[in-house]
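Below is one structure, written out as structure tokens; comments come after it.
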Amino acid sequence: EKKEKKEKDSCGMVFWDAAGDAPAANAFSGVKAPQDKREKEQQKEKEIKKAEAEGKNLVSVNAAVAEMVKKKSEAKKEEVKKIKEKTEKESKAAKRKEAMEKEDAERDDQYQIMDKGGLGNFMDTKDVMTIMKETVSEAATSSGTRCQISIKAGRGEKLFTNKNMAFQTLGDFRPTKGFVYIRGPHDDRGFNLTLLRPAYLYVALSSNPDKDDPYLRTWEIVGDDFTLPDMEDGVEEIVEVKRKLIRDPDARRVAIPKPPPGVQLCLLFVQPDFHLDAFPEEEAEEETLDDKRAQAAAKRAGREAASEKKTGKQEPTLDEKIEAVLAKVEKGEKLTNKEARLHEKHLEKKPVFKCEDDEPLGDLSTFTLVLEGGKNEPPAAGDAFVCENFTLSAPKQKLFDNATISIVQGKRYGILGPNGQGKTTLVRHIAARVMPVPLNWDVILVEQEAKASDRTAVEEVLAADQKVADLFQREAELLARLEMEEKAMEAGEGKMAIEDLEKARAELEQVAVDLEASGAESAEA
């Protein structure tokens, strides 16, 4: 029982009084019974649950506060992002406006190319334009499609030959700074160039998803102080420019590979080095071949002269060699490999009856070809052969009905199908040019199978080159003729005049030179 101390006037003594209502007395005793152990545990559990409930409420309150703070933080970040995008957009628009005003302020004839004097004077406009025109002689895509070479690309000009995308500004790639733009198709972004003078090649690229891709890794990356081209809305943004200087005349033919997948834009600009001389002209192929022939002839003449000096013998003529070979054949004697080739070439010179059915094209009169429009009107030139809605029929059989075929240069095709369905017939009609094949195309049709002969596989392949085959044949004839004359002279029965002998040797030397120049000696290897 709780009591409090109070003073009472009882003869100077102090007594304790009860502080509250006294608890009900126990039925058996006036003192409260001690609490049971299980009740204590239950009481403790209640207190623990109460504490947990109060803690959960606290956690839920804290989570709600954290969520609110997170939302406010995200909203603030979004607001900062929008402000940043707006600032970047305004900055970009300001730069675009400034570039457009700068381009508008520059006249077409204000080329900003310094001359060699070093006094800060600009080059003459005509000289600049002439150099720009004579910088790139040929430009094509990786697949061979020709590109446009533009020395006056400007705002509003098309990015590609086959898509309506345009430049807003060209940045520092303006023609007034000496830049030539190579315009190709949108979906064919590799380039092949032939330069006539030293020049810088600039490749402007959009973002690359694969940051580790080594595309043009050896090229120099242009710094941030270089103003990039700007395109109309909806077109990928140029984010990187790489360049390379071509100075070596032997490197005048430049191949720029296609960019990796994911790179949407790949633009090519060429800036000539106005202070360096143009590349020297390439020697004509005939002149180069003549030089090679002369060098080979000199080598062979030296070898043959040394051989003749040692042996004191002269080569027989081709006719003499052939007569000797024919004599051995008539006697049934075994021929050497060289004699066997000479005998085969001699037999090939004889006229042989050729059946018309053996021609690769065969007789097309039994087939019926119906073209759209009723006429075969091939284009003068083109990068593709296209024949739409044609019908090709054989007697009592329709092979192709309202069909379309397209063959693009630079690609390889195979025609698959069961036997007798018209694969070879279609190819023969294309080779015969009864279908609209571009006139600037060469069409060559070869046999499906090689004709049976005694020639080896190597000889069969070498015989496919008619020019080389003729040279081999002529060489064999001259060798046989000179060998036979040599034997006749040893027997004291020489019939050839010295002049004819020298002519035969000179011709043999020339044939040997032509064979060496054509690479025939290494073809068998």
Query - Distance, nearest 0.5 Å, that separates CG of Leu170 from CE of Met231 - result: 9.0 Å
Requested in this report: Could you list the residues that satisfy side-chain hydrogen bond (donor to acceptor under 3.5 Å, both in side chains) with Tyr202, not counting sequence neighbours?
Outcome: Arg243
Query raised in the report: Do side-chain atoms of Thr130 reach the backbone of Lys126 as a donor and acceptor pair under 3.5 angstrom?
Result: yes
Query raised in the report: Hey, are Asp188 and Ser143 close enough side-chain-wise for a donor-acceptor pair under 3.5 Å?
Result: yes
**Report entry** Flag, side chain of Glu339 to backbone of Thr336, donor-acceptor distance under 3.5 Å
**Finding:** yes
Report task. Can you establish whether the number of heavy atoms outside Arg433 located under 6.0 Å from its atom CZ is more than 12? Result -> yes
Report summary line: Residues passing the side-chain hydrogen bond (donor to acceptor under 3.5 Å, both in side chains) test with Arg253, sequence neighbours excluded, are Glu282
Query raised in the report: Are the side chain of Lys242 and the backbone N or O of Tyr215 linked by a donor-acceptor pair below 3.5 Å?
Result: yes
Query raised in the report: So does Asn121 have more than 12 non-hydrogen atoms from other groups sitting under 6.0 Å from CG?
Result: yes
**Report entry** Nearest atoms (heavy-atom pairs only) where Phe274 meets Gly178
**Finding:** CZ-CA, 3.9 Å
Query raised in the report: Do Tyr181 side-chain atoms and Pro175 backbone N/O form a donor-acceptor pair below 3.5 Å?
Result: no
Query raised in the report: So, Glu372 versus Asn389: side-chain donor-acceptor pair below 3.5 Å or not?
Result: yes
**Report entry** Pairing residues for His186 by the ring pair (Phe, Tyr, Trp, His ring centres under 6.0 Å) criterion, not counting sequence neighbours
**Finding:** Phe160
Query - ring pair (Phe, Tyr, Trp, His ring centres under 6.0 Å) against Tyr200, all qualifying residues, sequence neighbours excluded - result: none
Requested in this report: Not counting sequence neighbours, which residues clear ring pair (Phe, Tyr, Trp, His ring centres under 6.0 Å) with Phe367? List them please.
Outcome: His429
Query raised in the report: In terms of heavy-atom contacts, does NZ of Lys423 have more than 12 from other residues, nucleotides or ligands at under 6.0 Å?
Result: yes
Report task. Supply the atom-to-atom distance Thr404 OG1 to Asn402 CG, rounded to the nearest 0.5 angstrom. Result -> 6.5 Å
Requested in this report: Indicate yes or no for a side-chain donor-acceptor contact from Ser137 to the backbone of Thr194 under 3.5 Å, with no hydrogens or angles considered.
Outcome: yes
Query raised in the report: Got a donor-acceptor contact below 3.5 angstrom from the Arg474 side chain to the Val511 backbone?
Result: no
Query raised in the report: Do the side chains of Phe385 and Ser406 get nearer than 4.5 Å, heavy atoms only?
Result: no
Query raised in the report: Are the side chain of Thr227 and the backbone of Gly171 linked by a donor-acceptor contact shorter than 3.5 Å?
Result: no
Report summary line: Residues passing the side-chain hydrogen bond (donor to acceptor under 3.5 Å, both in side chains) test with Glu323, sequence neighbours excluded, are none
**Report entry** Heavy-atom donor-acceptor pair, Trp219 side chain to Val241 backbone, under 3.5 Å
**Finding:** no
**Report entry** Heavy-atom side-chain proximity of Leu205 to Ile238 below 4.5 angstrom
**Finding:** no
Query raised in the report: Can you list the steps and then say if Arg252 with Leu193 is a side chain to side chain contact (heavy atoms under 4.5 Å, CB included)?
Result: CA-CA 8 Å; Arg252 69 182 71 200; Leu193 298 181; over 6 Å; no
Requested in this report: Determine the minimum heavy-atom distance between Leu371 and Lys375, stating which atoms define it.
Outcome: CD1-O, 3.8 Å
Query raised in the report: What distance do Glu388 atom CD and Phe390 atom CZ have between them, rounded to the nearest 0.5 Å?
Result: 11.0 Å
Query raised in the report: Going from CZ on Phe122 to CD1 on Ile113, what distance comes out if it is rounded to the nearest 0.5 angstrom?
Result: 8.5 Å
Report task. Decide yes or no on salt bridge (charged side-chain N to carboxylate O under 4.0 Å, His left out) for Arg183 and Glu157, but give the supporting numbers first. Result -> CA-CA 10 Å; Arg183 183 183 292 110; Glu157 294 272 341; 3.4 Å; yes
Requested in this report: Please lay out, stage by stage, how Lys177 and Asp172 fare under the test salt bridge (charged side-chain N to carboxylate O under 4.0 Å, His left out).
Outcome: CA-CA 7 Å; Lys177 290 196 172 186; Asp172 284 334; 3.1 Å; yes
